[in-house]
Protein chains: 2
Amino acid sequence: MTNQNLAQFKSVFKAENLKITPQRLEVFREMCDSDEHRESEKIYLALRKRNIHVSRATVFRTMDLLYENGFVSRMDIGDGKWRYEHWLDCSHHDHLICIRCGRIVEFFDPEIEKLQEDVCSRFDYQLVRHSHQLFGMCKECAD
Amino acid sequence: MTNQNLAQFKSVFKAENLKITPQRLEVFREMCDSDEHRESEKIYLALRKRNIHVSRATVFRTMDLLYENGFVSRMDIGDGKWRYEHWLDCSHHDHLICIRCGRIVEFFDPEIEKLQEDVCSRFDYQLVRHSHQLFGMCKECAD
DNA sequence: AATATTGTTGAGACTCATTCTCAACAGAAT
DNA sequence: ATTCTGTTGAGAATGAGTCTCAACAATATT
């Protein structure tokens, strides 16, 4: 977690009238310092492991706040859990997921992005967001 | 449900050593005769309404079988429920979902399909399946 | 300083889609 | 007839996430 991350966190939470509590700070720090795509339970357990006591409910609540305020993005790969990743650089991307080992790779394809817009205007929809996941077998798993 | 649908169902289930029971037939008929994208509970209730008694558990189990054997496809729009649609013509498509009224439109864009393959080979993945959803506001809801 | 107000927390109860368990059953095979 | 195997229904169990509520903490008001 850089000083800039921290400053941004504080300023957004202040602006939203959300208190900057030790628990929220710890959850935010945990997110800043990992590049993984984790579900809330894993984040909760990571904090536990570092002997930081934040309740499960608070982790869930804080992940919601971080998501609503654009500090993390989340994805749903169809197993009923949200997977969160920090979104400090705010660069949009989609995901390629290995169906065997679960490894997740990020991709961004401007052409696909554009074609999505085209599809929407074809059907008279205003695109708000999208979810695009490719499930396959990574090189190691395919061998 | 056409005779052809029925014949296909019987032949696949027989080939898989799955019994052709009245309950399974009723669930299959219910799927053939609707173009909606429904969750299991709705399918269960639709059967109830027609005074056909199949237990919830059997509906869930049968939806799994129909899915595994390619009679239906299913989608996950992030609310924790599978939505099933019959897939009798087996033509692949993705979905455009109105975030206000929930209306679901199907789309297919061969260019996007091709670009997905390109992304995968870029990362040395073998594409197995994908999930692509556009969330937006339909014309009626945007006004 | 004392008090009131408001938001936050933790523990555990609750929800809800789905899966599991298990006894009863049904049809095919012996 | 009897055994074997797969299927069913009812209700219990699961598990991610949400809700409730009393205790608490920081801020605002008197």
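All values below come from the heavy atoms of this structure, side chains included, with hydrogens, waters and symmetry mates left out.
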- Message: Has A/Asn5 got a side-chain atom pairing as donor or acceptor with A/Thr2's backbone, closer than 3.5 angstrom?
- Response: yes
- D/dG6 phosphate, OP1 or OP2: any side-chain N/O from B/Thr21 under 4.0 angstrom? no
- Message: Just the rounded figure in Å: distance from P of C/dT8 to CZ of A/Arg24.
- Response: 4 Å
- Note on the structure: When A/Pro22 and B/Phe60 are each assigned the nearest nucleotide of DNA chain C, the 5'-most assignment goes to A/Pro22
- Confirm from the modelled atom types if A/Arg56 and C/dG12 form a donor-acceptor pair under 3.5 Å, side chain to base only. no
- Does B/Arg129 make a cation-pi contact with A/Phe135, if we ask for NZ or CZ under 6.0 Å from the ring centre and within 45° of the axis? yes
- Message: Can you tell me if A/Thr58 touches the phosphate of C/dG10, counting only side-chain N or O atoms and a distance under 4.0 Å to OP1 or OP2?
- Response: yes
- Item | Between D/dT5 (C1') and B/Leu18 (CG): distance, integer Å | 13 Å
- Task: Report yes or no: is the cationic atom of A/Arg74 (NZ for Lys, CZ for Arg) under 6.0 Å from the centre of the six-membered ring of A/Tyr67, at an angle within 45° of the ring normal?
- Result: yes
- Query: Please give, in whole Å, the distance from D/dT7 P to B/His53 NE2?
  - Reply: 18 Å
- Take atom NZ of A/Lys81 and atom P of D/dT14, then tell me their distance rounded to the nearest Å. 16 Å
- Could you state the atom-to-atom distance from CD1 of A/Ile20 to P of C/dT6 in whole Å? 20 Å
- Query: For the pair made of NZ in A/Lys19 and C1' in D/dC24, what is the distance, rounded to whole Å?
  - Reply: 10 Å
- Query: Between A/Glu30 and A/Arg38, is there a side-chain N and carboxylate O pair less than 4.0 Å apart?
  - Reply: yes
- Item | Atom-pair distance (CZ on B/Arg74; C1' on C/dT18), nearest Å | 11 Å
- In whole angstrom, what separates A/Arg61's CZ from C/dT9's P? 7 Å
